[in-house]
Amino acid sequence: MTESTKCQSCTMPIESGRLCPHCGDEHGTLRPFDEIFPRMVQWSLRNESGLSREQAEAQTLRFMSSMPAWRDHPEVKARLGAAG
């Protein structure tokens, strides 16, 4: 699998396109921040023992800011700015 076959929102392996079914809708449009962010935070909490919600949220925002689908998103920028 090459880098181009990963979701541009979460890095999940995909067959084609730029977004996986979890991050994109049936038209290939990025789902809203308020839908994706809590899911990513929950994933972090499940997969990293001992992580607090605050740590998971900060980590998720840093991750999202590095992803092509989110790096210029106003909500990600605003929350990162408020955290810093």
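FYI, the numbering just counts along the sequence from 1.
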Considering only heavy atoms from C-beta outward, does the side chain of S44 approach that of L51 to under 4.5 Å?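 Yes - at least one pair of side-chain heavy atoms lies under 4.5 Å apart.
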Results of side-chain contact (heavy atoms from CB on, under 4.5 Å) for S65 - residues two or more places apart only: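 For S65, the residues satisfying side-chain contact (heavy atoms from CB on, under 4.5 Å) (neighbours in sequence not counted) are V76, L80.
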What pairs with S49 under side-chain contact (heavy atoms from CB on, under 4.5 Å), at least two apart in sequence or on another chain?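 Listed in chain order: nothing, the list is empty.
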Distance (rounded to the nearest 0.5 Å) between W70 CH2 and L30 CG: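 The CH2 atom of W70 sits 4.0 Å away from the CG atom of L30.
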Measure the spacing between CG of L61 and NE2 of H73 and express it to the nearest 0.5 Å.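 Separation between the atoms: 11.5 Å.
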Would you please test E57 and F37 for side-chain contact (heavy atoms from CB on, under 4.5 Å) and show each step? CA-CA 8 Å; E57 288 180 0; F37 181 69; 3.9 Å; yes
Does T60 have any side chain to side chain donor-acceptor pair (under 3.5 Å) partners at least two apart in sequence or in another chain, and if so, which?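 Not a single residue meets the side chain to side chain donor-acceptor pair (under 3.5 Å) criterion with T60.
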Taking only residues at least two apart or on different chains, which pairs with a member in residues 30-43 satisfy side chain to side chain donor-acceptor pair (under 3.5 Å)?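 Matches after skipping sequence neighbours: E35-R39.
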So which heavy atom on A56 is nearest to which on V41, and how close?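 Looking at all heavy atoms of both residues, the shortest contact is CB-CG1, 4.0 Å.
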Minimum-distance pair of heavy atoms, taken over all atoms of S9 and M67: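 The pair with the smallest heavy-atom distance is O-CG, 3.4 Å.
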For K77 and D72, what are the C-alpha separation, side-chain angles and deciding distance, and is it a side-chain contact (heavy atoms from CB on, under 4.5 Å)? CA-CA 7 Å; K77 287 182 169 189; D72 295 321; 3.9 Å; yes
Check against side-chain contact (heavy atoms from CB on, under 4.5 Å), R53 and L45: CA-CA 7 Å; R53 173 161 296 278; L45 289 169; 3.6 Å; yes
Test side-chain contact (heavy atoms from CB on, under 4.5 Å) on M64 and M40 and set out the steps. CA-CA 9 Å; M64 290 174 89; M40 287 185 171; 3.6 Å; yes
Pairing residues for [X] by the salt bridge (charged side-chain N to carboxylate O under 4.0 Å, His left out) criterion, not counting sequence neighbours:
X   : answer
R62 : none
E48 : none
R71 : none

Do R79 and F33 meet the cation-pi criteria used here (NZ or CZ under 6.0 Å from the six-membered ring centre, within 45° of the axis)?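 Checked: cation-pi criterion not met.
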Is it true that a side-chain atom of Q55 and a backbone atom of S52 form a donor plus acceptor pair closer than 3.5 Å?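 Such a contact is found between Q55 side chain and S52 backbone.
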Pairs under 3.5 angstrom only: tabulate donor-acceptor contacts from the side chains of residues 19-29 to other protein residues two or more places apart or in another chain.
{"unit_1": "D25", "atom_1": "OD1", "unit_2": "H27", "atom_2": "N", "d": "2.8"}
{"unit_1": "D25", "atom_1": "OD1", "unit_2": "G28", "atom_2": "N", "d": "3.1"}
{"unit_1": "D25", "atom_1": "OD1", "unit_2": "T29", "atom_2": "N", "d": "2.9"}

